[in-house]
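Scroll down for the structure; my scribbles are underneath it.
In this chain, residues are counted from 1 in sequence order. Every heavy atom of this structure was used, including side-chain atoms; hydrogens, water molecules and symmetry mates were not.
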Amino acid sequence: MAIFDTTRTTYGSASAASRFSAFFSSAVAAVVAWNDARVTRNALSDLTDRELEDIGLSRADIDYVADSNLIR
C-alpha cells in the first residue's frame with residue numbers, strides 16, 4: 001500500500017518554485033502598473049486645457065495623477 005505524506009509544508013524545490021512564482025508575479029504586476037500609468041498619462045495629455053479644468057486638473061497634475069496609480 002502506498003502512502004503519501006501530506007503533513008509536510010514544502011517539498012524539496014517547492015520553496016524555490018514558489019519564490020520564482022512570487023518574483024514573476026511581482027514583475028508582471030510592475031509591468032501592468034507601469035502600462036496603466038502610461039495609458040493614463042497619454043489619455044490625460046490628449047485632453048484640452050478646458051477639459052482638464054472641467055475635471056479639476058491642470059497640465060502640471062498629469063504626472064502626479066499617473067504616478068499615484070503606481071502606488072495603489
(message) Under 4.5 Å between side-chain heavy atoms, counting indirect links through other Ile/Leu/Val/Met/Phe/Trp/Tyr residues: same cluster for Val32 and Phe24 or not?
(response) yes

(request) Flag yes if Ile55 and Val65 sit in one hydrophobic cluster, no otherwise; membership is Ile, Leu, Val, Met, Phe, Trp, Tyr, and two members link when side-chain heavy atoms are under 4.5 Å apart. (result)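 Cluster IDs for Ile55 and Val65 match.
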
(message) If you compare all heavy atoms of Ala37 against all heavy atoms of Ala66, which two are closest, and at what distance to 0.1 Å?
(response)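 Nearest pair, atom of Ala37 first, then Ala66: CB-O, 3.4 Å.
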
(message) I want to check something: taking the side chain as every heavy atom from C-beta on, are Thr48 and Leu52 in contact at a cut-off of under 4.5 Å?
(response)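 Not touching, per the 4.5 Å side-chain cut-off.
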
(message) If you define the side chain from C-beta out and look only at heavy atoms, does anything of Leu57 sit under 4.5 Å from Leu44?
(response) yes

Roughly how far, to the nearest 0.5 Å, is the [atom2] atom of [Y] from the [atom1] atom of [X]?
X	Y	atom1	atom2	value
Asn42	Arg38	CG	CZ	6.0 Å
Leu47	Arg59	CG	CZ	7.5 Å
Ile62	Arg41	CD1	CZ	9.0 Å

(message) Could you check whether any side-chain N or O of Asp67 sits under 3.5 Å from a backbone N or O of Tyr64, counting only pairs where one atom can act as donor and the other as acceptor?
(response)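 Side chain of Asp67 to backbone of Tyr64: no pair is present.
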
